[in-house]
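In what follows, every chain begins at residue 1, and chains take the letters A, B, ... in the order their sequences are listed. Remember, it's a predicted structure, so these values are computed and weren't measured experimentally. Computed from heavy atoms alone, side chains included, the values below leave out hydrogens, waters and symmetry copies.
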Amino acid sequence: MSYSESTIAILTILKQLPVGKVISYGEVAKLAGYPNGARQVVRILSSLSDTEHLPWHRVVNKQGQIALSGEGAFIQKALLEAEGVVVSDEGKIDRRFFVS
DNA sequence: CTGCTGACGGTTC
DNA sequence: GGAACCGCCAGCA
């Protein structure tokens with residue numbers, strides 16, 4: 001189970017994400033040292049979220065909207081609200097819930 | 001090796 | 001304010 005450097009860096013950032021806060025894919029990548037690695041973050045969340053126990057639901061796009069469609073978005077919305085994050089009906093999150 | 005894909009982002013019109 | 005386009009890079013057929 002050895003991951004590439006970028007993967008490990010991204011995993012580290014995600015695990016440090018505080019409860020009740022959200023972050024954008026781009027921010028995660030940026031903090032991990034990969035300014036334009038948003039797509040790698042996406043990959044990691046979709047394929048390693050369960051095995052690495054990542055808070056995948058705390059990651060949304062920069063517009064504060066849930067990037068998933070269908071049930072996934074519904075579940076993410078529920079998980080976020082359970083942590084105190086306010087999500088509008090359209091699945092939009094206010095900037096004040098973003099880290100930094 | 002080549003090409004396609006994706007839970008994105010920034011710019012442009 | 002929003003749609004369209006392009007760039008990004010790792011994984012996979």
Please report the distance, rounded to the nearest Å, between [atom1] in [X] and [atom2] in [N].
| X | N | atom1 | atom2 | value |
| --- | --- | --- | --- | --- |
| A/E27 | B/dG10 | CD | C1' | 14 Å |
| A/N61 | B/dG6 | CG | P | 17 Å |
| A/Q63 | B/dA7 | CD | P | 15 Å |
| A/Q65 | C/dG2 | CD | C1' | 12 Å |
| A/D50 | B/dA7 | CG | C1' | 14 Å |
| A/L48 | B/dG6 | CG | P | 18 Å |
| A/R43 | C/dC8 | CZ | P | 17 Å |
| A/K30 | B/dG9 | NZ | P | 12 Å |

For this session: Just call it for A/G26: base, sugar-phosphate, or nothing, with non-hydrogen atoms closer than 4.0 Å on any strand.
Result: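 Sugar-phosphate, backbone atoms only, no base.
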Exercise. Checking all strands, does A/S47 fall into the base, sugar-phosphate, or nothing category for heavy-atom contacts under 4.0 angstrom?
Worked result: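 Result for A/S47 = nothing.
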Exercise. Is a donor-acceptor pair below 3.5 Å formed from side chain A/R39 to base C/dC9, judging by atom type as modelled?
Worked result: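 Not at all, since no donor on one side and acceptor on the other fall under 3.5 Å apart.
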Problem set entry | A/K62 or A/V59, whichever maps to the more 5' nucleotide of DNA chain B |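 Counting from the 5' end, the first nearest nucleotide belongs to A/V59.
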Problem set entry | Considering all heavy atoms, the nearest A/T7-A/S4 contact | OG1-OG, 2.9 Å
Problem set entry | Closest non-hydrogen atom pair between A/V85 and A/K21, with its separation |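 Taking A/V85 first and A/K21 second, the nearest heavy atoms are CG2-N, 4.3 Å.
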For this session: Would you indicate which nucleotide in B/dA7, C/dA10, C/dC8 comes nearest to any side-chain atom of A/S6?
Result: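 Output: C/dA10.
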Exercise. Which of these nucleotides, C/dA10, C/dC8, B/dA7, is closest to any side-chain atom of A/A67?
Worked result: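 Of all the options, the side chain of A/A67 is nearest to B/dA7.
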Exercise. Does some side-chain heavy atom of A/E27 sit less than 4.5 Å from a side-chain heavy atom of A/V99?
Worked result: no
Problem set entry | Heavy-atom check, side chain of A/V41 versus side chain of A/I13, under 4.5 Å |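 No; the side chains remain at least 4.5 Å from each other.
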Exercise. Side chain of A/D50, backbone of A/H53: donor and acceptor closer than 3.5 Å?
Worked result: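 Flag not set: sc A/D50 to bb A/H53 has no pair under 3.5 Å.
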